[in-house]
Amino acid sequence: MPDQSLPEARTPEAAPTPPQPPAPEGLTRRRLLGTAGATGLVLGAAGAAAGRAAAPAQATPLSSIGAGEVMFHVKHQPGITQGLQARGHLVAFDLAAGAGRKEAAALLRRWSETARRLMAGEAAPHDDTDIARDAGPSSLTITFGFGNSFFARTGLEKERPVALDPLPDFSSDHLDKARSNGDLWVQIGADDALVAFHALRAIQKDAGSAAKVRWQMNGFNRTPGATAHPMTARNLMGQMDGTRNPQPTEADFDKRIFVPASGTKDPTWMANGSYAVVRRIRMLLDDWEKLSLTAQERVVGRRKADGAPLSGGDETTEMDLEKTDADGDLVVPLNAHARITRPDQNGGAAMLRRPFSYHDGIDADGTPDAGLLFVCWQADPLRGFVTVQRKLDRGDALSTYIRHETSGLFAVPGGAARGEYVGQALLEG
């Protein structure tokens, strides 16, 4: 049974709609309202024609996107088990010179109150910028974590989890250290770009003199409701991304993703928390797009159209690793990405992938700076991410077309109880 402390996004009941004048011929009143609500414009003849194509009758009204609300005071921090959001910001901070445990505690208290208010669709506690006025919560989530260096900066070395030991080097790493790691990490996600940016500005302003931004990255996903039927998200290579993600309905989900409240080597303040590995992975799209469809599918091990394994079936069909073609060759190549990353090929290792795509422009040589802001969650990064990445290092066909450019590992404590702030058990324990 799903954990009841993790409520799904709530959509308040809509208020009755007052009488409206008749819509122009050929444009239904429902479509007119949906289009006008999305643009804030009075449609002329050209706009009306566009509205008919843009808002099919079976689509969820766009106005419902802003109404989704995620709770802040929950067992596990928000932004882990929720569905992918349309817009995201990942930002790391370093504590300022002279700032220590006291300043960090005050900062997390400010951040937690700001997150609680913004996630409820309210204004920031002070100096609100009005960027997101009237936008609604838009399923905003704000998640906080601590990096390895945070503990020495605050005199809490004895509380640093062993799981935060630095990640090993991998062959696909071309890491920019200035855009990796950090004392503090914040993940912001929302289904509206202005709501996400509003939260980013509020968090940055709250840092004040206690911390400064080390790096920031911006990402996006398909907007929820953009397709008639929910389906696994696609990355910028056009492949479905996250087909074999563990599901909260699985019996061992919590064991794989969250630190238990007892019986673990982790410190007690990490109870109900998780570990986030963050990697900026550039996709070498010019090289990838030169491949034929068949070649792309053999690299991944799945059909591009529907995510089904090359051995047959649909997206959820179990992959047949032994199936061969008429020539006796394996249908799913030995170095196919989907084969190598299977939990049963990695001692049961699993992680919850919750990424954002990114595009940061075009390099001077015309190469797109685009790819994946990879974020994965697990109870133990050594057993989760590290185990799988080491296997990929030994011969993943996809590695030719990607490059890991930044990296971070963060301890994300459990959710804050009412009246408390995130990390309070660590900073005041």
Side-chain angles (χ1 to χ4, degrees), residues 77 79-80 90-112 115 142-170 173 175-188 203-204 206-217 258-259 264-280 375-386 389 404-416 420-429:
Q77 280 198 63
I80 302 176
L90 307 180
V91 54
F93 293 81
D94 284 335
L95 291 173
R101 181 173 178 177
K102 178 181 177 181
E103 290 76 16
L107 174 56
L108 267 296
R109 186 180 293 278
R110 291 195 300 275
W111 274 353
S112 295
I142 305 177
T143 317
F144 305 104
F146 304 108
N148 181 296
S149 56
F150 176 83
F151 297 86
R153 298 293 305 276
T154 55
L156 292 166
E157 293 96 330
K158 292 183 179 180
E159 293 295 327
R160 183 178 64 81
V162 174
L164 272 186
D165 285 352
L167 296 173
D169 295 329
F170 300 106
D173 285 355
L175 303 183
D176 178 356
K177 293 184 178 180
R179 292 195 295 173
S180 298
N181 300 311
D183 295 341
L184 294 156
W185 176 68
V186 184
Q187 174 192 251
I188 297 168
I203 291 297
Q204 181 185 1
D206 275 350
S209 61
K212 60 181 180 180
V213 173
R214 177 180 177 87
W215 53 259
Q216 185 219 319
M217 301 172 192
F258 296 110
V259 175
T264 176
K265 62 184 178 182
D266 292 274
T268 57
W269 63 267
M270 271 297 291
N272 301 316
S274 188
Y275 291 94
V277 174
V278 181
R279 310 275 282 186
R280 184 182 189 271
V375 182
C376 73
W377 301 88
Q378 59 262 287
D380 182 350
L382 182 60
R383 179 170 169 75
F385 173 79
V386 173
Q389 191 61 35
H404 292 236
E405 296 186 336
T406 74
S407 179
L409 172 60
F410 303 95
V412 177
E420 296 182 354
Y421 62 88
V422 174
Q424 185 167 335
L426 166 64
L427 292 163
E428 297 186 16

State, yes or no, whether a side-chain contact exists between [X] and [Y] at a heavy-atom distance under 4.5 Å.
X	Y	value
Trp185	Val278	yes
Tyr275	Pro161	yes
Leu164	Leu409	yes
Gln424	Leu108	no
Arg214	Asp183	no

Rounded to the nearest 0.5 Å, how far does [atom2] of [Y] lie from [atom1] of [X]?
X	Y	atom1	atom2	result
Leu90	Arg280	CG	CZ	11.0 Å
Trp377	Phe385	CH2	CZ	14.5 Å
Glu405	Asp176	CD	CG	8.5 Å
Leu382	Asp165	CG	CG	9.0 Å

Closest non-hydrogen atom pair, Asn181 against Ala92: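 Asn181 and Ala92 have their closest heavy atoms at O-CB, 3.5 Å.
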
field: Worked verdict on Phe146 versus Glu159 for side-chain contact (heavy atoms from CB on, under 4.5 Å)
entry: CA-CA 11 Å; Phe146 304 108; Glu159 293 295 327; over 6 Å; no

- prompt: According to the interplanar angle, ranging from 0 to 90°, do the rings of Phe144 and Trp111 count as parallel (below 30°), tilted (30 to 60°) or perpendicular (above 60°)?
  reply: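 Parallel, since the angle between the ring planes stays under 30°.
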
field: Verdict with supporting geometry, Asp206 and Arg110, salt bridge (Lys or Arg N to Asp or Glu O under 4.0 Å)
entry: CA-CA 7 Å; Asp206 275 350; Arg110 291 195 300 275; 5.1 Å; no

- request: Please test Gln204 against Gln216 for side-chain contact (heavy atoms from CB on, under 4.5 Å), starting from the C-alpha separation and ending with a verdict.
  value: CA-CA 11 Å; Gln204 181 185 1; Gln216 185 219 319; 6.0 Å; no

- prompt: Taking NZ, NE, NH1 and NH2 as the nitrogens, is one of them in Glu428 or Arg109 under 4.0 Å from a carboxylate oxygen of the other?
  reply: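 Answer for the salt bridge query: yes.
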
- request: Any pair with a residue in residues 269-278 that passes salt bridge (Lys or Arg N to Asp or Glu O under 4.0 Å), sequence neighbours left out, goes on the list, sorted by first then second residue, please.
  value: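 Qualifying pairs, neighbours excluded: none.
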
